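Before any comments, here is the structure.
It should be emphasised that the depicted structure is a prediction, and the values quoted were computed from it without experimental measurement. Only this structure's heavy atoms are used, side chains among them; waters, hydrogens and symmetry mates stay out.
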Amino acid sequence: MLRNLLAVATLPLCFVLAGCGGSSSTGSGTTTTTPPQPGATLSTSAVSFPTTTAGSTATASPVTLTNTGTGTLTISPPVVGGTNQSNFGETNTCGSSLAAGASCTITATFTPSAAATYNATITITDNATGSPQIIALSGSGSATAGSPTVTLSSSTIAFGTVVVGDSGSSSVTVSNSGTAALAISSIALSGTNQANFAETNTCGSSLAGNASCTITGVFTPAASTNYTATLSITDNATGSPQTIALTGSGTTTTVTHTLLVFPAAFPDTLPDANVAQLYSLINAATKTVDMTMYALEDTTFSGDLVALCKNGIKVRVILDINDEQSGNTPAYNQLNAQTNCSAVWANTAFEATHEKSFVIDFGLSTQKAAIMSLNLQSSYYSTTRDFALIENDPADIASIEATFNADYAAGTPSSGTQGTSDFSYVPTYGNNQDLIWSPTNAQTAMVNIIANAKSTLVIENEEMASSASYIISALETACHNGVQVHIAMVDQSDYEANFTALVAAGCGVHTVPDTTNGFYIHAKAVVADFGLSTQNVYMGSINYSNASMNNNRELGIYITDTPSVTLLNTTMTSDYNNATPWP
């Protein structure tokens, strides 16, 4: 959270500079200062390709190069060299330099020409200590087509409970880890309740070696009862047909939504009033709690989770590691020390796991989910504007739970064995496509909310980054087209150039001071065309930055129930009116 950086501003200068250790005095009284130094770190120094059919090309997962120093890293173009350099290639996003703390990716390819073993290197020359950085490449070629090998990401799809008349969806990834093409002759449903299930897929009639596709199952119950069916994939691989068991239950339970606002007022006279509802929701669990959390530092929350585990309730938690490992470590250790509790460090394929959500009692009539912009950090509850939506929509909960299971499997447990770390899982979007996920549909959703507005836009967001230039462009266009745009944010210097551009386009930008103890806008929410037929409302964890929309794991939701929309609009409009016009 950017708010955490504010505390640094209150420290003495010498403390910030680590005791002024970067300066020294000579006998003549001259003071010298060590200039910023770049640092270069690769996410891996070796890439090994699977056996690949001669003449075909395999692509490896990207290798990340990070500037871990304080100065600019100057980079020469990566060069493929070595014994078999002609059989390997690379693409990269690095350019000629990386700012301190920034990253880029290098993606290697392998094209064997015969059945043999191949080796090469990618060399990155830069101005950091230890240059050049070298990635070792290796792979084997196969002269014959070999055999296809099918792997399913899951052999079951549990849709949980879905309201009668609604539909729930969930996906399974089909992977061909063999070297020959997988010929798919049919993907078909069978079983007692096959009429209540459907499927769509991206597989086609053939799946190349080392490729994957997605099958999305859809469940539509007709009554309050249990349903089962089987999805069969008939192909030319050993073990055909591959089968996926489908289960789900129907319910006539009314879907409810409750929006919580943090803080209720500023200064907050009841700082724990709405947080208490989150505590109560957690403590109401009777079977399970599954949580994905960017920052879990509230000891009441972590203590309540441990207490649930002691009472036999299964608790699983995904915690961000890339940005918040230090703050999350106490909760990570506390949970993993308790039977029935487990925490994993998040999938490292994401730049950050910035999602803030949890589900209790999945599959039971008591199931509920919380989708939040709120981190579980008690030090900010009384000063930081945030929102949380509590709902029991079964289709939404099934999507959140399925994505949680995929991300949990890709995480790193206390044993230290990391799961498959990649972007392969594609979430489903809940009831009426109302969930917004990064890195899948977030950018499109965020731009469309702005682009489709006809009359008004009220926006709160923590970031207005130049990396999300498409957001800034969409806002400028809306303002030029006569849409009344009101944006409330914290006045942060990183975004002032974009504030200037938005104001010049006719948008309204109001800010609150960037102070340690003052009111802080951390929410990420949009109300478009409030009260009109074109009304469109979003709340979640997604910031206006390219990383948040395309590199992180994030979750947001379109909100449609009138009480929640009205409360959101009233709160955000008040924040805008009480903030100061910029500049």
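- Two residues are said to be in side-chain contact when any heavy atoms from C-beta on lie closer than 4.5 Å; Ile557 and Glu391 meet this criterion.
- Ring planes of Trp582 and Phe499: perpendicular class, angle over 60° (limits at 30 and 60°).
- Looking at Arg316 and Glu401, a side-chain N of the basic residue comes within less than 4.0 Å of a carboxylate O on the acidic one, giving a salt bridge.
- In this structure the side chain of Ser357 reaches within 4.5 angstrom of the side chain of Ile400, judged on heavy atoms.
- Summarising the geometry of Asn328 relative to Ala295, their closest heavy-atom pair is OD1-CA, 3.4 Å, with the distance given to 0.1 Å.
- Across all their heavy atoms, Val485 and Leu475 have their closest contact at CG1-CD2, 4.2 Å.
- Thr329 and Asn333 are not linked by any side-chain donor-acceptor pair at a separation below 3.5 angstrom, with hydrogens and angles left out of the test.
- Counting heavy atoms from C-beta outward, Asn498 and Ser466 have side chains that approach closer than 4.5 Å.
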Show your working on side chain to side chain contact (heavy atoms under 4.5 Å, CB included) between Ile436 and Asn441 and close with a plain yes or no. CA-CA 6 Å; Ile436 304 170; Asn441 67 333; 3.9 Å; yes
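- Residues Thr348 and Gln418 have side chains that bring a donor and an acceptor to within less than 3.5 angstrom of each other.
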Intermediate values then yes/no, side chain to side chain donor-acceptor pair (under 3.5 Å), Ser171 and Thr428: CA-CA 7 Å; Ser171 299; Thr428 54; 5.5 Å; no
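- Between Asp304 and Tyr279, the side chains place no donor N or O within less than 3.5 Å of an acceptor N or O (distance only, hydrogens not considered).
- Distance CD1/Ile559 to CG/Leu568: 5.5 Å, rounded to 0.5 Å.
- Contact check for Asn322 versus Trp345: no side-chain heavy atoms found under the 4.5 Å cut-off.
- Looking at Leu502 and Cys479, their side chains never come closer than 4.5 Å, going by heavy atoms from C-beta outward.
- When every heavy atom of Val527 is checked against every heavy atom of Phe530, the shortest pair comes out as CG1-CB, 3.8 Å.
- Note that SG of Cys104 and CG of Asn67 are 9.5 Å apart. Values are rounded to the nearest 0.5 Å.
- Between Phe404 and the options Thr292, Val317, Leu555, Val359, a side-chain contact (heavy atoms from CB on, under 4.5 Å) holds for only Thr292.
- Separating the CG atom in Leu305 from the CG atom in Leu335 is a distance of 6.0 Å, to the nearest 0.5 Å.
- When side chains are defined from C-beta on, Tyr408 counts as touching Ser342, because their heavy atoms get closer than 4.5 Å.
- Remark: the Glu355 side chain and the Ser541 side chain contain no N/O donor-acceptor pair separated by less than 3.5 Å.
- Note that the CD atom of Glu460 and the CZ atom of Arg385 stand 6.5 Å from one another [nearest 0.5 Å].
- With 3.5 Å as the limit, one finds no donor-acceptor pair spanning the side chains of Tyr381 and Asn274.
- Heavy atoms only, all atoms of each residue included: Pro439 and Asn550 are closest at CB-O, 3.2 Å.
- For the pairing with Asn375, the side-chain hydrogen bond (donor to acceptor under 3.5 Å, both in side chains) check across Lys356, Glu297, His354 returns one residue only, Lys356.
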Test log, rule side chain to side chain contact (heavy atoms under 4.5 Å, CB included), inputs Met372 and Asp386: CA-CA 8 Å; Met372 308 185 291; Asp386 270 308; over 6 Å; no
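- Defined by atom type and a distance below 3.5 Å, a donor-acceptor pair is missing between the side-chain atoms of Asn448 and Asn452.
- Listed here is the closest heavy atom pair of Ala406 and Tyr425: CB-CG, 3.5 Å.
- Using bins of under 30°, 30° to 60° and over 60° for the plane-to-plane angle, the ring pair Phe350/Phe423 lands in the perpendicular bin.
- Two residues are said to be in side-chain contact when any heavy atoms from C-beta on lie closer than 4.5 Å; Thr353 and Asp407 fail this criterion.
- Going from atom OG1 of Thr456 over to atom CG of Asn569 covers 7.5 Å, rounded to the nearest 0.5 Å.
- In this structure, the separation between CD1 on Ile321 and CG on Asn347 is 11.0 Å, given to the nearest 0.5 Å.
- Side-chain atoms of Gln377 and Ser379 include no donor-acceptor pair closer than 3.5 Å.
- The shortest distance between side-chain heavy atoms of Val315 and Phe358 does not fall below 4.5 Å.
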Assess the residue pair Tyr380 and His522 against the criterion (side chain to side chain contact (heavy atoms under 4.5 Å, CB included)); give the C-alpha distance rounded to whole Å, side-chain angles, the decisive distance to 0.1 Å, and a yes or no. CA-CA 10 Å; Tyr380 298 127; His522 180 259; over 6 Å; no
